[in-house]
Amino acid sequence: MNDEWQPKGLCRGNHAHLFFPPPTFERKDDRERREMRAKAICNVCPVQDPCADYALAISEPYGIWGGTSEQDRKALVAS
Ligand code: SF4
């Protein structure tokens with residue numbers, strides 16, 4: 001699978017913490033706020049499409065990828 005898109009992702013660097021849950025408990029409203037901020041970055045990322053395709057192809061279980069959360073991806077697979 002081609003992964004040349006990965007170095008071009010806007011989530012690399014300072015914003016990386018927004019894309020995955022913290023190691024400690026995260027309240028629902030905190031998670032929703034974090035995911036909304038991550039998705040806003042994905043929405044202006046030049047590699048959003050290949051990133052989302054990749055996450056679906058490998059059934060990535062964690063984090064925001066290509067503007068989708070794990071719940072979003074489960075719903076896409078089920079539809
Ligand atoms: S679409 Fe989102 S998760 Fe994927 S590389 Fe871009 S910023 Fe990162």
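Both counts, for ligands and for their atoms, begin at 1 and track the order of listing. Sequence positions, counted from 1, serve as the residue numbers for this chain.
- A donor-acceptor pair under 3.5 Å is formed between the side chain of H17 and the backbone N or O of N14.
- In the hydrophobic clustering, L56 connects to L76, V77, either directly or through intervening members, whenever side-chain heavy atoms lie under 4.5 Å apart.
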(message) The test is side chain to side chain contact (heavy atoms under 4.5 Å, CB included); show your working for E70 and E35 and say whether it passes.
(response) CA-CA 10 Å; E70 47 265 52; E35 289 186 346; 4.3 Å; yes

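- For ligand 1, the atoms lying closer than 4.0 Å to a non-hydrogen atom of I64 are 3 (S).
- The side-chain heavy atoms of K74 and S69, taken from C-beta on, include no pair separated by under 4.5 Å.
- Residues I64 and C42 are in side-chain contact: their nearest non-hydrogen atoms beyond the backbone lie under 4.5 Å apart.
- Under the 4.5 Å side-chain heavy-atom criterion for ILVMFWY residues, no single connected hydrophobic cluster contains both M36 and L10.
- Around atom 6 (Fe) of ligand 1, protein atoms of type N, O or S found under 2.8 Å number 1.
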